[in-house]
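Inspection log for the structure reproduced underneath, given as structure tokens.
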Amino acid sequence: MEKILIIKQIKSSIGILPKHKLTLKGLGLRYINHTVQRKKNKSIIGMVKKISYMLQVK
């Protein structure tokens, strides 16, 4: 059984680094309070760690 991460954007993407904006787009997040579900794997965990200051993970 694969684990699922519930990822929520809690901070605006205005004024952040362009690489961080691309990471948000890669995760599928678009706006504040937008929530997505992603399978837990190394690439998703790395993306979450990179922009952890603007995400909430359950």
Side-chain angles (χ1 to χ4, degrees):
M1 186 172 156
E2 295 182 1
K3 295 204 175 188
I4 301 292
L5 292 176
I6 301 171
I7 306 167
K8 181 178 180 180
Q9 182 178 345
I10 58 170
K11 189 175 176 185
S12 173
S13 63
I14 297 172
I16 65 170
L17 296 172
K19 285 186 177 181
H20 291 193
K21 284 187 183 183
L22 291 174
T23 305
L24 276 175
K25 187 175 180 180
L27 287 170
L29 294 166
R30 299 180 184 149
Y31 48 84
I32 298 173
N33 291 328
H34 189 207
T35 304
V36 294
Q37 295 181 357
R38 296 288 174 253
K39 293 179 185 175
K40 186 176 180 181
N41 58 39
K42 289 182 180 181
S43 61
I44 297 296
I45 292 171
M47 294 168 88
V48 167
K49 284 183 179 180
K50 186 174 185 178
I51 56 170
S52 63
Y53 65 94
M54 52 188 326
L55 301 177
Q56 180 180 23
V57 181
K58 294 181 183 176

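Heads up: numbering here begins at 1 and tracks the sequence.
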Residues that Lys39 engages under salt bridge (charged side-chain N to carboxylate O under 4.0 Å, His left out), provided they are two or more places apart: Glu2
Counterpart residues, side-chain hydrogen bond (donor to acceptor under 3.5 Å, both in side chains), relative to His34 (two or more places apart): none
For residues 41-48, which side-chain donor-acceptor pairs fall under 3.5 Å, sequence neighbours excluded?
residue	atom	partner	partner atom	Å
Asn41	OD1	Ser43	N	3.3
Asn41	OD1	Ser43	OG	2.9
Asn41	OD1	Ile44	N	3.0

N/O donor to acceptor pairs below 3.5 angstrom from side-chain atoms of residues 12-30, sequence neighbours left out:
residue	atom	partner	partner atom	Å
Ser12	OG	Ile14	N	3.1
His20	ND1	Tyr53	OH	2.7
Thr23	OG1	Lys19	O	2.9

Any link between Val36 and Val57 through a network of hydrophobic side chains (Ile, Leu, Val, Met, Phe, Trp, Tyr) touching at under 4.5 Å? yes
Determine, step by step, whether Lys8 and Asn33 satisfy the side-chain contact (heavy atoms from CB on, under 4.5 Å) criterion, reporting the C-alpha distance in whole Å, the side-chain angles of both residues, the deciding distance to 0.1 Å, and the verdict. CA-CA 6 Å; Lys8 181 178 180 180; Asn33 291 328; 3.3 Å; yes
Would you give the length of the straight line joining atom NZ of Lys11 to atom CD1 of Ile51, rounded to the nearest 0.5 angstrom? 11.0 Å
So which atom in Arg38 and which in Ile7 form the shortest heavy-atom distance, rounded to 0.1 Å? CG-CD1, 4.2 Å
